[in-house]
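Scroll down for the structure; my scribbles are underneath it.
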Amino acid sequence: MGPKRAPPQGNTSDCLQSETGIRERGHCPLNGGFHVILWSSKAPGRSCPISTNAILFVYFLYLAFSERLVLTFATEGRGVFPLMSVLLVIVGASLLLSHRIRKHLSFMTAGRFWLCWGSYAALTTAYPLLGVVIMNYPDRTLMNSVEGMQSFALLAIGGYLSSRGPTAMHKVHIVWVGYMLVECIAALGQIINNHTTAGWAILEWQATWDQEWQTVFREGIFYGRSIGTHLNPNTLGCGAMLSCIYAISHFSGSGQVTAFVIALMTLLMSQSRGALFGLSGGIGVLLIVELFRLLFAGGKARGNLNRLSQPVWIVTVSLLVFLTLRMADLVPDRFVSGVSAITAGAREDESFFVRTLVWREALAFSMSYPLGTLGPPAFLFKSATDSDYVNRYLQGGPILLCLFVLVFAGWLVRPRRPVVIDNDRRFLFLASVSLLICSIGQTPTSYPTFSIFWMYTGACLSRRSLIHASAPSGQAKTAPV
């Protein structure tokens, strides 16, 4: 299983080759190609304070165990210090402070970056502080600023790894596939322990470990739903959803099918309806996009059915998996009632109906705070909303809600003159569609699995800014970051 490789170099007259050593090989974006490799002959090398392997090791621990590798204290709240989150922020800060790496992070000075991504990360960092100062939130609320700091850290890590070339990004593939395998095995163990009487000691230990940590975080104990190494099945579902999209975007052949099936099985074991609907929406948009390419992209594209084959086999495999589980009576009632809630109304599913009532109360509550609660809204609202849209509206009013949507819309709107359309860009496009749908009934931006979105945002923006800087002065102004 490996990432898609760029095709042999052909006519590259339309591609950029600058004096700084930044070059592009593969299909040019005008030909609709997604296979692109970028590298720099002036990589940071030893000037980086942390090695690539160390960064990826820290990231893997954060991705899989950030909710368990914590320090606990006796406070009025949860009393949990997010050790891995703070360590990730330190890694990102060390990259930002390294002067030899700053040129690879120059995208952070662009106006489009601050419009779509930087302002949101900055406000999610500042709002908890303002909540303590203005709204008299408890001092422990300051720890919520780590979420925004993580966003900047992951952007910096993504930009740095991109500058290290294909080898570093290939290691990211390995880390993500390794994470998905760990989650799939852990989820399968939880299913076996919950639905059989195997009595294996390792599964009993795993169940005890899960329950102890859910109690520490004051989470509800989930029975019958896999949580993997996480504490909430929706966190696992979001990670599996993004893994399915990752397999679609970055792998090919049998490796793509294998990775997609493993991720889809993990998603089904989590029973996360929001993630499943998000993935369905992403695949649906992919199918529509490829159909439009086939019909309207000219005679050459009209005769190329290979592009359409990918979404077709994805839909086929998904339907086969679903029908197989349905015939074996293994499709959870949660999925059936979730579909009924969409087709026949919210009252068909009690859980979703209760959420709609909470959202109505939240909107009424927001009238008392037109600019938002600044700190975490659940502290004043006295209830979780289970929706990123509602959360952001309560915390920062229309401003933060609009910036939240722009985080994803920035990858849905095509720039005036795109420089690179590669596998990473395709991943971010499909992930944005899925996350916008998933955020209706979940809070994926608070999950550690959302980190892959920020990392690849940094990687893509870094590559674009370097190509933009190396382009002739007459063209640079028409190729925004």
Side-chain angles (χ1 to χ4, degrees), residues 58-59 61-63 66-67 69-73 75-97 105 108 113-159 217-218 231-232 235 369 371-381 384-385 387-407 439 443-455 457-458:
V58 171
Y59 176 66
L61 291 179
Y62 166 79
L63 192 62
S66 61
E67 296 169 311
L69 295 177
V70 298
L71 300 177
T72 57
F73 300 92
T75 66
E76 295 179 0
R78 288 183 172 181
V80 175
F81 181 80
L83 189 62
M84 293 309 305
S85 298
V86 174
L87 183 58
L88 194 70
V89 170
I90 294 174
V91 171
S94 67
L95 295 177
L96 289 170
L97 295 175
L105 305 179
M108 291 188 177
F113 167 78
W114 285 103
L115 173 64
C116 295
W117 302 283
S119 296
Y120 174 80
L123 286 182
T124 52
T125 302
Y127 271 173
L129 173 62
L130 295 176
V132 173
V133 175
I134 300 175
M135 304 297 293
N136 296 320
Y137 272 77
D139 293 342
R140 64 176 183 271
T141 305
L142 295 174
M143 287 306 303
N144 290 85
S145 294
V146 172
E147 179 183 341
M149 296 178 188
Q150 279 179 180
S151 303
F152 283 113
L154 289 162
L155 287 166
I157 291 173
F217 276 81
R218 299 184 181 180
L231 302 181
N232 188 321
T235 307
Y369 301 92
L371 297 180
T373 60
L374 302 181
F379 181 79
L380 296 179
F381 184 54
T385 61
S387 171
D388 255 338
Y389 292 101
V390 179
N391 266 356
R392 297 313 171 193
Y393 183 74
L394 290 181
Q395 184 177 9
I399 295 176
L400 190 60
L401 177 61
C402 291
L403 291 175
F404 168 76
V405 174
L406 281 174
V407 167
S439 296
T443 56
T445 55
S446 65
Y447 304 154
T449 46
F450 183 73
S451 59
I452 194 70
F453 180 88
W454 283 121
M455 181 181 292
T457 294

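Remark: side-chain polar atoms of T373 are not paired, donor with acceptor, to backbone N or O of Y369 under 3.5 angstrom. Side-chain N or O atoms of W114 include one that pairs as donor or acceptor with a backbone N or O of M108 at under 3.5 Å. Panel note: side chain S94, backbone V91; a donor-acceptor pair is recorded below 3.5 Å. With T443 contributing its side chain and D388 its backbone, the two residues share no donor-acceptor pair below 3.5 Å.
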Legend entry - Step-by-step side-chain contact (heavy atoms from CB on, under 4.5 Å) determination, W117 to T457: CA-CA 9 Å; W117 302 283; T457 294; 4.1 Å; yes
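Scanning for ring pair (Phe, Tyr, Trp, His ring centres under 6.0 Å) contacts around Y393 gives an empty result, with sequence neighbours left out. Partners of S439 under the side-chain hydrogen bond (donor to acceptor under 3.5 Å, both in side chains) rule, at least two apart in sequence or in another chain, do not exist in this structure. Scored by the side-chain contact (heavy atoms from CB on, under 4.5 Å) test, I90 finds V86 as partners (sequence neighbours excluded). Residues satisfying the side-chain hydrogen bond (donor to acceptor under 3.5 Å, both in side chains) criterion with S451, sequence neighbours excluded, are Y59. Under the rule for a side-chain contact (heavy atoms from CB on, under 4.5 Å), the partners of L142 that lie at least two apart in sequence or sit in another chain are L129, V132. Applying the side-chain contact (heavy atoms from CB on, under 4.5 Å) rule to L87 yields the partners V58, M84; only residues at least two apart in sequence or on another chain are considered. Scored by the side-chain hydrogen bond (donor to acceptor under 3.5 Å, both in side chains) test, Q395 finds R392 as partners (sequence neighbours excluded). Applying the side-chain hydrogen bond (donor to acceptor under 3.5 Å, both in side chains) test to T385 and every residue at least two apart in sequence or in another chain returns N391. F381 pairs by the ring pair (Phe, Tyr, Trp, His ring centres under 6.0 Å) definition with F365, not counting sequence neighbours. By the side-chain contact (heavy atoms from CB on, under 4.5 Å) test, I134 is found to be paired with L130, L374, residues two or more places apart in sequence or in another chain being considered.
Proximity of the aromatic rings of F453 and F450 is defined here by a centroid distance below 6.0 angstrom, and this criterion is met.
Closest non-hydrogen pair, A156 versus G92, comes out as CB-O, 4.0 Å. Annotation for L123 and P128: closest pair O-CD, 4.5 Å, computed over non-hydrogen atoms. Across all non-hydrogen atoms, the minimal contact from T124 to A121 is OG1-O, 2.9 Å.
To the nearest 0.5 Å, atoms CG (L83) and CG (L88) are separated by 11.5 Å. One distance of note links OG1 of T445 with CD of Q150; it measures 11.0 Å at 0.5 Å rounding. Between atom CG of residue L105 and atom CG of residue L155 there is a gap of 9.0 Å, rounded to the nearest 0.5 Å. Here CG of L154 is found 9.0 Å from CD1 of I452. Values are rounded to the nearest 0.5 Å. Rounded to the nearest 0.5 Å, atoms CG (L380) and CG (L394) are 10.0 Å apart. Annotation: the span from F81 atom CZ to R140 atom CZ amounts to 16.0 Å, rounded to 0.5 Å.
More than 12 heavy atoms of other residues, nucleotides or ligands sit less than 6.0 Å from atom CG of L61.
Judged as a side chain to side chain donor-acceptor pair (under 3.5 Å), not a single pair has a partner in residues 126-139 (not counting sequence neighbours). Note on residues 120-136: no pairs pass salt bridge (charged side-chain N to carboxylate O under 4.0 Å, His left out), not counting sequence neighbours.
E67 has its side chain within reach of T235: a pair of non-hydrogen atoms, C-beta onward, lies under 4.5 Å apart.
Ring planes of Y389 and F404: perpendicular class, angle over 60° (limits at 30 and 60°).
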